[in-house]
Amino acid sequence: MSQETKKTNKNYLSGKEVRAIAKANAAEMKRLEAYKNRKCEEKEFLTKMRDPNNLLEIDDLHTFFFTEQGVVKAVNGVSYNVPKNAVVGVVGESGCGKSVTSMSVMRLIQGPTGQIVSGHIRFAAKDTAKDKKGKVIRDENGEPIIEEKVYDIAKMPMREIHRIRGKQVAMIFQEPMTSLNPVFTIGQQLDEVTFIHVEGATKEMAKEKTFDMLRLVGIIPENVYDAFPHELSGGMRQRVMIAMALAAEPRLIIADEPTTALDVTIQAQILDLLQDIKRKIDGSILLITHDLGVIAEMADYVVVMYAGKVIEKGTVYEIFKDPRHPYTIGLQKSKPTMTLDDSVELYNIPGNVPNPINMPDHCYFKERCAKCTAKCSGEYPGMIQVSPTHFVACHLYDEEK
């Protein structure tokens, strides 16, 4: 490649640059892997909630992927809360960081290339009480005493993550066919949850729990217990995934686009099921989707993400009745409605999401925004409070601040 071509092609990396990136990435990945696998005492990842009414607090979270082309800042300073007994909807287009944020909460980011670089994930868990020597404290009947502890999940070593994953925080994955193991029956996979999280569980106990969970999600247990995943429909498999998430009675359920691969009728059934489950459990739901209709029906609070950042958040009423960020307004205008005239072309947001490598310091939505001003070329806008519960990251509201 000629020198002139190299200068005009902004995406070109020389061999020297590639080697420098690889060397820097290797050093950072080694440091983060060592921190993730360290041995430490519980007090190192114990913390306190800023607001006792919250179940989960994500605070300035950064989750990066180290690639040969550079660092992909998939989650770049995300902050939002999940209150107790509430449904928080996270919305945004594909690649905005919704799922990576939820995978960070579950500590399922695939290393060594993917790492939580900084930030806090505070979670109010219920765990067994322990004395100074680390022994479990029991009551008069020999049962372990349960107390509320606040863990900073981002600081927890991987050997301690079993305290919350599956038992305290459970996840309903996007595609049940790839999440369920095709070589094990539905009963075997659901029984496993009880064996892992219930001390001294027997086969009879596990099977009884599995039957209870299947009935809870509207499935006749006898019909599917010995069936394999490929023998069930998409809606039935998604119900099995929900039953699996509920088996350990978690405090927080993360539903990562649970209705994406389903038809409209089954989608409505799954949403009704989630609403019913929310009333039955003493916990919260973090609902991740790109469908504003699902958000409007399910959520109490809404978080709008774009290019790895939160650009607006508030109650569901505020986001739908008084959207402030141009991206949020564009999302709502691009949704088809029953009143839309056939002769009118459906609105679409112009342009594309910027390259997540080497993101600029100015507003990421600047190139696609019809309301762009001179300020937008400056420093990235901070969160501006427009009401007690409504926040927006946009220079258009600097004067209100």
Side-chain angles (χ1 to χ4, degrees), residues 42 45-61 78-91 98 101-107 119-129 145-156 161-172 197 213 216-217 242 245-256 258 271-289 294-305 310 312-319 383 385 387-391:
E42 185 185 71
F45 51 86
L46 282 178
T47 183
K48 292 182 178 179
M49 303 296 281
R50 284 185 176 175
D51 184 347
N53 295 316
N54 289 333
L55 185 63
L56 178 73
E57 293 178 348
I58 299 175
D59 184 12
D60 196 27
L61 180 66
V78 167
S79 299
Y80 63 82
N81 303 325
V82 179
K84 293 178 179 177
N85 299 307
V87 177
V88 175
V90 183
V91 67
K98 307 185 302 293
T101 305
S102 66
M103 298 288 266
S104 299
V105 174
M106 294 292 290
R107 293 297 296 274
H120 303 278
I121 306 171
R122 293 182 286 271
F123 176 69
K126 287 184 178 179
D127 206 348
T128 52
I145 296 174
I146 305 298
E147 63 178 1
E148 187 168 291
K149 296 179 180 180
V150 179
Y151 295 133
D152 190 339
I153 298 173
K155 292 184 178 180
M156 290 181 80
I161 205 66
H162 66 273
R163 296 189 184 201
I164 62 106
R165 185 196 288 163
K167 189 175 183 180
Q168 305 277 340
V169 184
M171 193 166 185
I172 303 167
H197 296 295
M213 291 299 103
L216 182 64
V217 297
I242 294 172
L246 295 172
E249 299 177 2
R251 303 195 76 192
L252 175 66
I253 297 172
I254 301 174
D256 187 2
L271 293 177
D272 288 341
L273 176 60
L274 287 173
Q275 287 277 31
D276 189 44
I277 286 167
K278 178 185 174 291
R279 289 190 288 267
K280 291 180 180 178
I281 66 169
D282 180 26
S284 302
I285 296 176
L286 179 60
L287 179 63
I288 298 164
T289 182
V294 172
I295 291 291
E297 184 177 342
M298 289 284 296
D300 301 309
Y301 301 92
V302 183
V303 176
V304 184
M305 289 187 65
V310 174
E312 189 167 4
K313 57 186 177 182
T315 65
V316 67
Y317 181 84
E318 289 168 334
I319 297 299
M383 272 290 176
Q385 187 172 3
S387 83
T389 54
H390 195 178
F391 298 82

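In this chain, residues are counted from 1 in sequence order.
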Which residues pass the salt bridge (Lys or Arg N to Asp or Glu O under 4.0 Å) test with [X], sequence neighbours left out?
X: Asp59; result: Arg50, Arg122
X: Asp272; result: none
X: Lys149; result: Glu42, Glu147

Can you tell me if [X] uses its side chain to pair, donor with acceptor, with the backbone of [Y] under 3.5 Å?
X: Ser284; Y: Asn85; answer: yes
X: Lys126; Y: Gln168; answer: no
X: Arg163; Y: Ala125; answer: no
X: Arg165; Y: Met106; answer: yes

Exercise for review: Please name all residues satisfying side chain to side chain donor-acceptor pair (under 3.5 Å) with Asp60, sequence neighbours left out, ordered by chain then number.
Suggested key: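 Applying side chain to side chain donor-acceptor pair (under 3.5 Å) to Asp60 gives none.
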Exercise for review: Taking side chain to side chain donor-acceptor pair (under 3.5 Å) as the test, write out the residues that go with Thr289, two or more places apart.
Suggested key: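 Thr289 satisfies side chain to side chain donor-acceptor pair (under 3.5 Å) with no residue once adjacent residues are dropped.
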Point to revise | With Tyr151 via ring pair (Phe, Tyr, Trp, His ring centres under 6.0 Å) - residues at least two apart | key: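 For Tyr151 the ring pair (Phe, Tyr, Trp, His ring centres under 6.0 Å) partners, ignoring immediate neighbours, are Phe45.
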[X] side, atom [atom1]; [Y] side, atom [atom2] - distance, nearest 0.5 Å:
X: Ser102; Y: Ile254; atom1: OG; atom2: CD1; value: 5.5 Å
X: Met305; Y: Lys313; atom1: CE; atom2: NZ; value: 11.0 Å
X: Asp300; Y: Ile285; atom1: CG; atom2: CD1; value: 9.5 Å
X: Met171; Y: Met103; atom1: CE; atom2: CE; value: 5.5 Å
X: Ile253; Y: Arg251; atom1: CD1; atom2: CZ; value: 12.5 Å
X: Ile242; Y: Leu273; atom1: CD1; atom2: CG; value: 4.5 Å

Point to revise | Non-hydrogen side-chain atoms of Ile121 and Leu56 separated by less than 4.5 Å | key: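 Counting from C-beta outward, Ile121 and Leu56 do come under 4.5 Å.
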Review point. Is there side-chain contact between Val150 and Phe123, with at least one heavy-atom pair below 4.5 Å?
Key: no
Practice item. Please assess His120 against Lys155 for the test side chain to side chain contact (heavy atoms under 4.5 Å, CB included), listing each intermediate value before the final yes or no. Key: CA-CA 8 Å; His120 303 278; Lys155 292 184 178 180; 3.8 Å; yes
Practice item. Evaluate the criterion side chain to side chain contact (heavy atoms under 4.5 Å, CB included) for residue pair Leu286 and Tyr80; output intermediate values, then yes/no. Key: CA-CA 11 Å; Leu286 179 60; Tyr80 63 82; 3.9 Å; yes
Looking at every non-hydrogen atom in both residues, tell me the closest pair between [X] and [Y] and how far apart they are.
X: Thr47; Y: Asp152; answer: CG2-N, 3.9 Å
X: Glu57; Y: Asp51; answer: OE2-N, 2.9 Å
X: Glu148; Y: Ala124; answer: OE2-CB, 4.0 Å
X: Ile58; Y: Val78; answer: CG2-O, 3.5 Å
X: Ile153; Y: Ser104; answer: CG2-O, 4.4 Å
X: Asn81; Y: Val88; answer: O-CG2, 3.8 Å

Exercise for review: Report the C-alpha separation of His197 and His162 in whole Å, then their side-chain angles, then the decisive distance to 0.1 Å, and conclude whether the side chain to side chain contact (heavy atoms under 4.5 Å, CB included) test is met.
Suggested key: CA-CA 9 Å; His197 296 295; His162 66 273; over 6 Å; no
Exercise for review: Evaluate the criterion side chain to side chain contact (heavy atoms under 4.5 Å, CB included) for residue pair Val90 and Thr101; output intermediate values, then yes/no.
Suggested key: CA-CA 10 Å; Val90 183; Thr101 305; over 6 Å; no
